[in-house]
Amino acid sequence: MIQVTLKGDVVKEFEAGVCAADVAKSIGMGLYKSACAAKINGNVVDLRTPLTENCTLDILTFDDEAGKKAFWHTASHILAQAVKHLFPAAKLAIGPAIDGGFYYDFDVKKPFSNEDLAALEAEMKKIAKEGIPLTRKEVTPDEARALEKDEPYKLELLEEHAAKGDNLIFYEQGDFLDLCAGPHLMDTSAVKAVKLTSATGAYWRGDSKKATLCRIYGTAFPKSSMLEEHLAKIEDAKKRDHNKIGRELEFFTTSDVIGQGLPILLPKGARVIQLLQRFVEDEEQRRGYLLTKTPLMAKRDLYKISGHWDHYQDGMFIFGDPADETKECYALRPMTCPFQYQVFLNRKRSYRDLPMRLGETSTLFRNEDSGEMHGLIRVRQFTISEGHLIVRPDQLEEEFKGCLALAKFMLETVGLEEDCSYRFSKWDPNRSDKYEGTAEQWDEAQNTMQKILDHLGVKYEVGIDEAAFYGPKLDIQIKNVYGKEDTLITIQIDMLLAKKFGMEYTGTDGQPKTPYIIHRTSLGCYERTLALLLEKYAGALPVWISPEQVRVV
RNA sequence: GCUGUUUUAGCUCAGUCGGCAGAGCACUUCCUUGGUAAGGAAGAGGUCGAGCGUUCGAAUCGCUUAAACAGCUCCA
């Protein structure tokens with residue numbers, strides 16, 4: 001017998017080997033029916049997991065995050081089963097639970113139409129109604145290869161798992177079998193309310209060089225009232241879409257003959273941005289920033305020094321033939337860094353000159369891919385509150401702290417602070433071609449940043465392969481009404497570019513030293529900020545930045 | 001760049017089988033009116049995103065192209 005500690009520290013005895021689902025059943029059929037997954041000693045597991053020794057056990061339902069994930073993951077299997085029923089030639093890729101629902105990727109000859117989605121939804125409801133039990137089995141790699149012999153994508157996945165020496169887990173429901181780690185519901189019956197929301201293209205393994213698959217997005221709930229509520233909430237959020245209300249309220253517009261990603265700020269939008277810019281510039285001056293105004297373009301030579309020519313050429317608007325070295329070639333600036341460094345380089349600098357805080361209301365140009373543009377959030381020309389702090393090593397933490405305090409002050413002032421999250425963006429050592437510098441330099445920069453963040457008590461998530469090519473970043477992230485996340489503010493530590501540009505200061509010992517550089521924005525890109533403010537306030541901006549504060553009737 | 005959807009009056013949209021371009025709101029003029037998006041009459045407003053093609057005839061069918069939207073990839 002083993003002792004199982006349940007919710008509220010209730011201890012019950014069971015025979016060793018009892019599974020989590022049986023424990024749930026012994027507590028009550030209601031709990032058993034709503035159980036989605038379990039947590040044993042804090043680890044999320046499948047309900048089928050046998051309990052072999054004394055432990056604590058939580059039964060997770062749809063009300064728990066992990067329970068929802070298991071529910072939606074099972075719904076994605078039901079979708080895949082429905083697709084196999086109606087489109088037997090479809091090849092399966094992957095189908096995880098995501099925020100608010102699930103998706104499944106398929107390789108099919110013809111993309112799914114809206115009619116196909118309706119038919120699939122009906123088929124899913126049929127499968128759910130049948131209450132098909134799911135069974136879990138663990139097999140050897142050879143057995144797995146035999147089971148998935150007609151599924152090329154699954155074979156690719158299982159070889160990766162097999163290479164790690166693991167056995168492979170399958171879940172089976174009726175005539176459907178899928179390589180999957182779980183956890184899953186006990187059967188399909190709980191997935192009562194289903195909505196397939198869209199069908200889009202997606203790349204296999206997220207690689208644009210690989211096959212384009214058809215992805216079906218959907219969501220599911222135990223009750224149809226919950227589904228309706230969820231869909232209504234999404235509809236409501238879309239009413240706040242800045243891309244809709246920003247155009248309707250005449251903050252901005254676009255023009256076919258001007259081009260993609262080049263929004264026209266109408267008087268109202270321009271006024272808001274003017275107010276924000278004045279506020280930012282004045283606040284930065286109070287905090288010891290020196291205002292600069294540097295050119296919007298430069299010869300390719302500048303970008304060669306900075307590394308942009310090698311790492312970012314595709315993203316730049318270039319005048320002239322970039323390959324022809326015999327003629328001059330210019331490019332619009334995609335960032336301000338190397339321009340503002342020339343301010344520092346203007347004359348010989350002493351340690352007494354540092355920290356040097358440079359700020360600029362800077363317009364940038366980035367040749368984003370045509371499918372990337374989104375209202376005012378993602379555009380090809382935008383203006384940011386750019387700044388670079390050239391600091392001595394002993395000033396790095398204090399100045400970083402200052403940047404963070406400034407960012408927080410800005411966010412609090414405009415009212416977006418509560419909606420933001422923090423991401424510590426690191427490099428990916430496996431993709432070193434994307435980054436400048438050595439592993440030692442990256443370790444140093446990242447460790448320094450981590451130390452500072454931990455010291456400041458910043459709560460953050462880690463983003464691998466999200467760094468700038470010259471250094472790690474603290475990104476302040478925010479979500480739009482569709483739940484898509486973008487960077488609003490960034491603070492970056494750069495230990496590479498100062499050396500490339502020959503930036504030095506004379507230390508107390510009379511010797512030349514290389515400074516550190518902090519790249520930062522204080523309120524990010526004004527267009528993006530305006531977009532998020534419109535969404536946050538549903539168009540009714542706070543009075544101080546409202547373009548029309550009072551109207552006398 | 002990739003997958004899908006969309007583009008008709010200033011705005012929101014209808015337009016069936018290929019056969020004279022439509023509605024509501026907004027706009028202009030006049031009338032009416034102390035009541036919350038006032039009512040009435042008249043009027044103006046269109047290269048049906050653009051180009052090429054099929055056809056006696058194209059908003060409608062085909063191809064090309066641009067832009068907008070959602071997703072993917074990307075995002076210094």
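So that the names make sense, note that chain A is the first sequence line, chain B the second, and so on, each numbered from 1. Everything quoted here is computed from the prediction, not taken from an experiment. As a basis for the values below, the full set of heavy atoms in this structure was taken, side chains included, without hydrogen atoms, waters or symmetry mates.
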Distance-only donor-acceptor check, side chains [X] and [Y], under 3.5 Å:
X        : Y        : result
A/Thr294 : A/Glu360 : yes
A/His308 : A/Gln313 : no
A/Gln260 : A/Ser370 : no
A/Thr490 : A/Thr521 : no

Distance test, side-chain N/O of [X] to OP1/OP2 of [N], below 4.0 Å:
X        : N     : answer
A/Asn243 : B/C69 : yes
A/Thr212 : B/U3  : no
A/Tyr103 : B/C72 : no
A/Lys210 : B/G1  : no

Ignoring the backbone of [X], work out which of [options] is nearest its side chain.
X        : options             : answer
A/Thr254 : B/C72, B/A68, B/C75 : B/A68
A/Asp369 : B/G4, B/C72, B/U73  : B/U73
A/Lys484 : B/C72, B/C2, B/C69  : B/C72
A/His374 : B/G71, B/C75, B/A70 : B/A70

* To do: List for me each residue that meets ring pair (Phe, Tyr, Trp, His ring centres under 6.0 Å) alongside A/Phe251, sequence neighbours excluded, and say none if there are none.
  =>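 With sequence neighbours excluded, A/Phe251 shows a ring pair (Phe, Tyr, Trp, His ring centres under 6.0 Å) to no residue whatsoever.
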
What does [N] pair with, Watson-Crick or G-U, if both distances are under 3.5 Å?
N     : result
B/U36 : none
B/C27 : B/G43
B/G19 : B/C56
B/A50 : B/U64
B/C69 : B/G4
B/A14 : none

* Asked: Can you tell me how far OG of A/Ser306 sits from CE of A/Met335, rounded to the nearest 0.5 angstrom?
  ->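 The distance works out to 5.0 Å.
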
What's the gap between [N] and [M] when it is taken at their [atom1] atoms, as a whole Å value?
N     : M     : atom1 : result
B/A23 : B/G62 : P     : 28 Å
B/C17 : B/A44 : C1'   : 34 Å
B/U73 : B/C13 : C1'   : 34 Å
B/G71 : B/A26 : P     : 34 Å
B/G39 : B/C25 : C1'   : 16 Å
B/G49 : B/A59 : P     : 10 Å
B/G10 : B/C72 : C1'   : 35 Å
B/U16 : B/U60 : P     : 11 Å

* Positive for side chain to side chain contact (heavy atoms under 4.5 Å, CB included) with A/Phe317, one of A/Arg380, A/Arg366, A/Met297, A/Arg333 ->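 Looking at A/Arg380, A/Arg366, A/Met297, A/Arg333, the match for A/Phe317 under the side chain to side chain contact (heavy atoms under 4.5 Å, CB included) is A/Arg380.
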
* Among A/Leu404, A/Leu474, A/Leu396, the one residue meeting side chain to side chain contact (heavy atoms under 4.5 Å, CB included) with A/Ile452 ->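 Running side chain to side chain contact (heavy atoms under 4.5 Å, CB included) over A/Leu404, A/Leu474, A/Leu396 with A/Ile452 returns exactly one hit, A/Leu396.
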
* Asked: So A/Tyr303 and A/Trp309, would you call those rings parallel, tilted or perpendicular, with 30° and 60° as cut-offs?
  ->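 Parallel: the ring planes of A/Tyr303 and A/Trp309 meet at under 30°.
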
* Asked: Any idea how A/Phe221 and A/His230 line up, ring-wise: parallel (<30°), tilted (30 to 60°), or perpendicular (>60°)?
  ->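 Judged by the thresholds at 30° and 60°, the geometry between A/Phe221 and A/His230 is tilted.
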
Could you give the [atom1]-to-[atom2] distance, from [X] to [N], as a whole number of Å?
X        : N     : atom1 : atom2 : value
A/Arg215 : B/C2  : CZ    : C1'   : 13 Å
A/Gln260 : B/C75 : CD    : P     : 19 Å
A/Leu213 : B/G71 : CG    : C1'   : 13 Å
A/Arg378 : B/C74 : CZ    : C1'   : 6 Å
A/Met373 : B/C74 : CE    : C1'   : 11 Å
A/Asp465 : B/U73 : CG    : P     : 13 Å
A/Arg247 : B/U12 : CZ    : C1'   : 15 Å
A/Arg380 : B/A66 : CZ    : P     : 11 Å

* To do: Can you check whether any acceptor in the base of B/C75 is under 3.5 Å from a donor in the side chain of A/Arg366, or vice versa?
  =>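 Answer is no: no donor-acceptor pair is held.
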
* Look at the side chain of A/Tyr203 against the base of B/G1 and say whether a donor-acceptor pair falls under 3.5 Å; ignore hydrogens and angles. =>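 It does, because a donor-acceptor pair links the side chain of A/Tyr203 to the base of B/G1 below 3.5 Å.
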
Using a 4.0 Å heavy-atom cut-off, does [X] contact any base of the nucleic acid, only the sugar-phosphate backbone, or nothing at all?
X        : value
A/Gln492 : sugar-phosphate
A/Ala199 : nothing
A/Lys110 : nothing
A/Pro334 : base

* Closest-nucleotide 5' rank along RNA chain B - winner of A/Met335 and A/Asp256 ->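 Per heavy-atom nearest nucleotide, the more 5' residue is A/Asp256.
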
* To do: Please identify each residue that fulfils salt bridge (charged side-chain N to carboxylate O under 4.0 Å, His left out) with A/Glu228, with sequence neighbours left out.
  =>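 Partners of A/Glu228 by the salt bridge (charged side-chain N to carboxylate O under 4.0 Å, His left out) criterion come out as none, since no residue qualifies.
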
List, with names and distances, any nitrogen or oxygen atoms from the protein found under 3.5 Å away from nitrogen or oxygen atoms belonging to nucleotides 24-27 of chain B.
none

* Asked: Since syn is defined as within 90° of 0, does B/C69 count as syn or as anti?
  ->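 Anti, since the glycosidic angle lies more than 90° from 0.
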
